[in-house]
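Working notes for the structure below.
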Amino acid sequence: MTPEQIQQSAAWLADYRRRGEAAPLLPAELRPTSLAEAFAIQQWLFIELDLPVVGWKAGLPGPDKWVLAPIASVQQGELCLFEQKSEQYSIEPELAFLLSTDLPARHEPYSEAEIKAAIAATHLALELIIRPYKADADAEFFDQLAAGLFNQGLYIGPALAEESLSEKFELVLEYSGQQQKFDAQHPNLDPLLPLYWLVNHLSQQGIGLKQGQWVITGSYAGVLTIPAEQPITLTFMGYPALSFRT
């Protein structure tokens with residue numbers, strides 16, 4: 001793709017997101033065909049939308065797969081708001097790591113100890129899911145990476161006394177007098193592993209992380225569906241409850 005096509009792709013996606021609408025699939029000549037093209041579109045999308053980078057989502061990579069996207073908004077408090085209005089919303093229960101110091105791009109890889117030392121606090125959090133493409137668009141991974149890997153932003157809950165939850169625990173979701181229980185576990189067992197990868201991968205791209213940014217690294221219970229205009233409570237067993245209203 002040419003630089004002009006990358007910017008056109010980002011502008012296409014930005015237009016639909018501003019309107020709170022899911023987009024049809026990009027025209028064939030504007031669809032990314034590599035990780036590098038998809039990541040370039042993703043970066044331009046934030047420029048088109050004039051959004052700040054207040055954090056990152058990350059997961060461990062795979063063949064032809066980078067799991068990373070910038071995060072543009074962080075919410076806290078009684079209300080949790082979604083861009084795309086609906087009768088139901090999607091969330092992912094995660095941990096959010098708050099950085100206490102800059103981790104600028106550099107030639108030498110960061111050690112796990114250096115990255116771990118840069119964590120100021122660990123909070124319970126929700127990734128707020130957005131659907132960038134229409135359900136019948138048949139978007140593939142490169143398309144989703146270009147659009148930000150479903151991330152609308154973060155809802156931040158209570159801080160934890162420890163940096164991570166136990167390996168397995170029960171997660172309880174409650175609303176409208178109903179209760180759902182889930183066997184919760186991080187997909188990589190250690191929630192810090194994607195953070196270690198993210199810092200060094202972004203550094204190789206010439207991108208640093210900054211003090212005050214948040215990083216999430218994967219859902220403990222997949223994607224959960226919650227109703228609109230309802231009080232919601234999630235209890236991570238043994239930790240403070242996370243309560244809010246949609």
Side-chain angles (χ1 to χ4, degrees), residues 1-75 81-86 90 92 99 102-107 127-154 194 197-217:
M1 297 180 72
T2 66
E4 290 76 17
Q5 287 174 316
I6 286 169
Q7 293 179 38
Q8 289 170 18
S9 299
W12 168 288
L13 294 170
D15 182 55
Y16 282 93
R17 182 159 176 176
R18 286 191 197 96
R19 290 184 276 163
E21 299 178 11
L25 201 61
L26 287 159
E29 68 275 11
L30 298 183
R31 290 182 67 192
T33 59
S34 69
L35 289 170
E37 290 177 352
F39 186 67
I41 294 169
Q42 183 190 97
Q43 300 307 291
W44 267 104
L45 175 60
F46 267 58
I47 294 171
E48 286 284 342
L49 291 169
D50 194 25
L51 292 174
V53 177
V54 298
W56 290 84
K57 68 174 289 182
L60 291 183
D64 280 331
K65 193 174 184 181
W66 294 346
V67 183
L68 77 166
I71 295 170
S73 68
V74 172
Q75 302 180 41
L81 303 176
F82 291 79
E83 293 179 23
Q84 296 173 334
K85 298 304 179 183
S86 174
S90 296
E92 293 189 357
L99 297 182
D102 292 350
L103 293 170
R106 69 185 195 188
H107 293 296
E127 180 179 6
L128 309 183
I129 303 301
I130 195 171
R131 302 295 175 186
Y133 299 101
K134 296 181 182 296
D136 61 356
D138 293 327
E140 298 178 353
F141 181 78
F142 290 163
D143 302 305
Q144 299 291 5
L145 179 60
L149 288 181
F150 306 102
N151 183 272
Q152 175 203 300
L154 287 184
W197 173 80
L198 175 75
V199 170
N200 283 309
H201 179 79
L202 287 178
S203 187
Q204 292 170 9
Q205 312 298 316
I207 300 171
L209 280 80
K210 297 180 180 179
Q211 178 184 5
Q213 288 184 333
W214 298 87
V215 179
I216 54 173
T217 63

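This chain uses plain numbering: 1 for the first residue, then up along the sequence.
If you run side chain to side chain contact (heavy atoms under 4.5 Å, CB included) between Ile41 and each of Met1, Glu48, Gln5, only Met1 comes through.
Residues in residues 50-69 take part in these salt bridge (Lys or Arg N to Asp or Glu O under 4.0 Å) pairs, two or more places apart or across chains: Lys57-Glu127.
Distance check, rounded to the nearest 0.5 Å: CD1 of Ile130 to CG of Leu149 gives 12.5 Å. A distance of 8.0 Å separates CD in Glu140 from CG in Leu25, rounded to the nearest 0.5 Å. The CG atom of Leu128 lies 10.5 Å from the OG atom of Ser90; values are rounded to the nearest 0.5 Å.
Legend: residues meeting salt bridge (charged side-chain N to carboxylate O under 4.0 Å, His left out) with Arg106, ordered by chain and number and at least two apart, are Glu114. Take Phe46 and apply the ring pair (Phe, Tyr, Trp, His ring centres under 6.0 Å) test, not counting sequence neighbours, and it matches no residue. The ring pair (Phe, Tyr, Trp, His ring centres under 6.0 Å) search around Trp44 returns none, not counting sequence neighbours. The side-chain hydrogen bond (donor to acceptor under 3.5 Å, both in side chains) check on Asn200 picks up nothing, with sequence neighbours excluded. Partners of Arg18 under the side-chain hydrogen bond (donor to acceptor under 3.5 Å, both in side chains) rule, at least two apart in sequence or in another chain, do not exist in this structure. With sequence neighbours left out, the side-chain contact (heavy atoms from CB on, under 4.5 Å) criterion links Ala38 to Pro32, Phe142, Leu145, Ala146. Applying the side-chain hydrogen bond (donor to acceptor under 3.5 Å, both in side chains) test to Glu37 and every residue at least two apart in sequence or in another chain returns Thr33. The salt bridge (charged side-chain N to carboxylate O under 4.0 Å, His left out) search around Arg17 returns Glu83, not counting sequence neighbours. Take Gln205 and apply the side-chain hydrogen bond (donor to acceptor under 3.5 Å, both in side chains) test, not counting sequence neighbours, and it matches no residue. Partners of Tyr16 under the ring pair (Phe, Tyr, Trp, His ring centres under 6.0 Å) rule, at least two apart in sequence or in another chain, are Trp12. Annotation: salt bridge (charged side-chain N to carboxylate O under 4.0 Å, His left out) contacts of Asp102 (sequence neighbours excluded): none.
Sparse packing is recorded around NZ of Lys210, with 12 or fewer heavy atoms of other residues, nucleotides or ligands lying under 6.0 Å away.
In this structure the side chain of Gln43 reaches within 4.5 angstrom of the side chain of Pro70, judged on heavy atoms. With a 4.5 Å cut-off on side-chain heavy atoms, Arg31 and Asp143 count as touching.
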